[in-house]
Amino acid sequence: MRTVTPRETEIIGWMAAGKTAAEIGTILGISPITVNTHISNAKVRLGVFKDTALVAAALRNGIIR
């Protein structure tokens, strides 16, 4: 398993808190498109296809708490 970047970790944490890409973008001061790019990259790194699977994989692998 490859690790995710610090920004991807931050975004996954916000996803786990129930935030949308638009909300995460506002919080981090980046566009929702950039948020979705980070999400897509993290999914590839962790080998998953869905947002919920991304959060679950991050929890399982100790990337987020």
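A heavy-atom distance below 4.5 Å is found between the side chains of Val55 and Ile64. Counting heavy atoms from C-beta on, the side chains of Thr26 and Glu23 never come closer than 4.5 Å. In this structure the side chain of Ile11 never reaches within 4.5 angstrom of the side chain of Lys19, judged on heavy atoms. Counting only heavy atoms from C-beta outward, the side chains of His38 and Ile24 never approach each other to under 4.5 Å.
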Could you go through Thr37 and Thr34, starting from their C-alpha distance and side-chain angles, then the distance that decides it, and tell me whether this counts as side-chain hydrogen bond (donor to acceptor under 3.5 Å, both in side chains)? CA-CA 5 Å; Thr37 299; Thr34 303; 5.8 Å; no
Could you walk me through whether Ile63 and Glu8 pass the side chain to side chain contact (heavy atoms under 4.5 Å, CB included) check? CA-CA 10 Å; Ile63 295 167; Glu8 290 165 357; over 6 Å; no
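Note that OG1 of Thr20 is 10.5 Å distant from CE of Met15, once rounded to the nearest 0.5 Å. One distance of note links CD of Glu10 with CG of Leu28; it measures 4.5 Å at 0.5 Å rounding. Rounded to the nearest 0.5 angstrom, Leu46 CG and Asn61 CG are separated by 6.5 Å.
Hydrophobic clustering (ILVMFWY, side-chain heavy atoms < 4.5 Å, transitive): Ile39 and Val44 are in distinct clusters.
In terms of heavy-atom proximity, Ala22 sits nearest to Pro32 at CA-CG, 3.9 Å. Scanning both residues, Arg45 and Thr3, for their nearest heavy atoms gives CD-O, 3.4 Å. Residues Ala42 and Ile12 come closest through the heavy atom pair CB-CD1, 4.0 Å.
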